[in-house]
Amino acid sequence: MTSSEGSVPDMNWSCGGNAVATGHSGSNDDFQKDVCDIDACQGDAPSSQREEHLTRQIQMENSENPIFPIIFHAKSPFELEYIKSLEQENSLKIPEGEVVITTRSEQQIASDDECFKLDLYMDNLSTNQFGRLLIWSPRLSSTHTLLSKNFSAFPVGTTCVADIQLLGKGRANNIWESPQGCLMFSFTLQMDNGRILPLLQYVVSLAIIEAIEAVCEAKFLPPPNVRIKWPNDIYAEGLKIGGVLCTSTYSSERFNVTVGIGLNLDNEKPTTCLNSLLQKSTTNTHILRKEELLVAFFGKFEVLLDVFLKQGFTTLESKYYEKWLHRCC
């Protein structure tokens, strides 16, 4: 993606397998873009070599329970009904042998304290659109791929979270393994204006930093020195702790965007993590949780996105540069 507001965006096609990403209209006449696997296009085979490798890895590491469930959770009765319809249709594109779709309660699966707590998240969420339909799995190949493959199946704002991610997406088709302790999520949105699409990653990055600061303030914690390293990396105390990836397809005169975010919250390796930095500067034991940080992010992002779409990035530019790692003073 480029950085000038007047340029046409480069689309970063990063869905996996043989999926086709389409718009919400569902029309067969829509323009569709075939997207290729990172290991190159695998033809029409039902499972790519990468997915087969992933399945074998999961089975080896978890011989007693090789199937990892996907859990759906929603904010309102309307969204709960939508989940039931998805389950009945059974039409989602899921890597073979990797997961099974279910609406079982999290208590049946997520007994580990490090697992993402669905109820804690939903109870505190107050957005109008984003994050209200949540997909969670204890282990997933890629949150980004799951949403990209099934973009037309979900309402805009749908979010996917994984506790462990084996084939996370990065810039230039890099693959990232994301262990326990990271907040890893992707969500969907749509935009009409392709000229400002490259600037979306800056809005997302700004929302991440504002969310971190807001949660720290609410807990009476001194916020760490978190900054944006152009174009889409998140740094704290000079070390990388996260990043942003925005990919898009075009359909029915709209850009279907999948935003992926990884933020190192509790894992000190290979660089550092937010909670380690916080514990160095305070005796407060109330460290940041993934659920509250995600709630804060969507609260900030929804406001910033509205300003961005209505008034342009120039309105947010001063805020963005205040959080820029490259500032001289």
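We count residues from 1, following the sequence as given. Fair warning: this is a prediction, and the values are worked out from it, not measured in the lab.
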CG (L265) and CG (L294) are apart, to the nearest 0.5 Å, by 11.0 Å
dist K240:NZ -> T272:OG1 (nearest 0.5 Å) comes out at 14.5 Å
>> With a 4.5 Å cut-off on side-chain heavy atoms, are Y121 and L134 touching?
In response: yes
Name all residues meeting the side chain to side chain donor-acceptor pair (under 3.5 Å) criterion together with [X]; count only those two or more places apart in sequence or in a different chain, and write none if there are none.
X    : answer
K310 : D306
S186 : T143
N128 : none

Applied to residues 206-217, the salt bridge (Lys or Arg N to Asp or Glu O under 4.0 Å) test, sequence neighbours excluded, yields E210-K319, E213-K323
Sorted by chain and number, sequence neighbours left out, ring-ring contact (aromatic ring centres under 6.0 Å, His included) with F297 holds for F185, F187, F301
Sorted by chain and number, sequence neighbours left out, ring-ring contact (aromatic ring centres under 6.0 Å, His included) with Y321 holds for W324
Just by modelled atom types, is the L118 backbone N or O under 3.5 Å from a matching donor or acceptor in the E291 side chain?
no
Item to complete: For the pair S137 (side chain) and P69 (backbone), establish whether a donor and an acceptor sit closer than 3.5 Å, ignoring hydrogens and angles.
Response: yes
Decide if atom CZ of R132 counts as having more than 12 heavy atoms of other residues, nucleotides or ligands within a radius under 6.0 Å.
yes
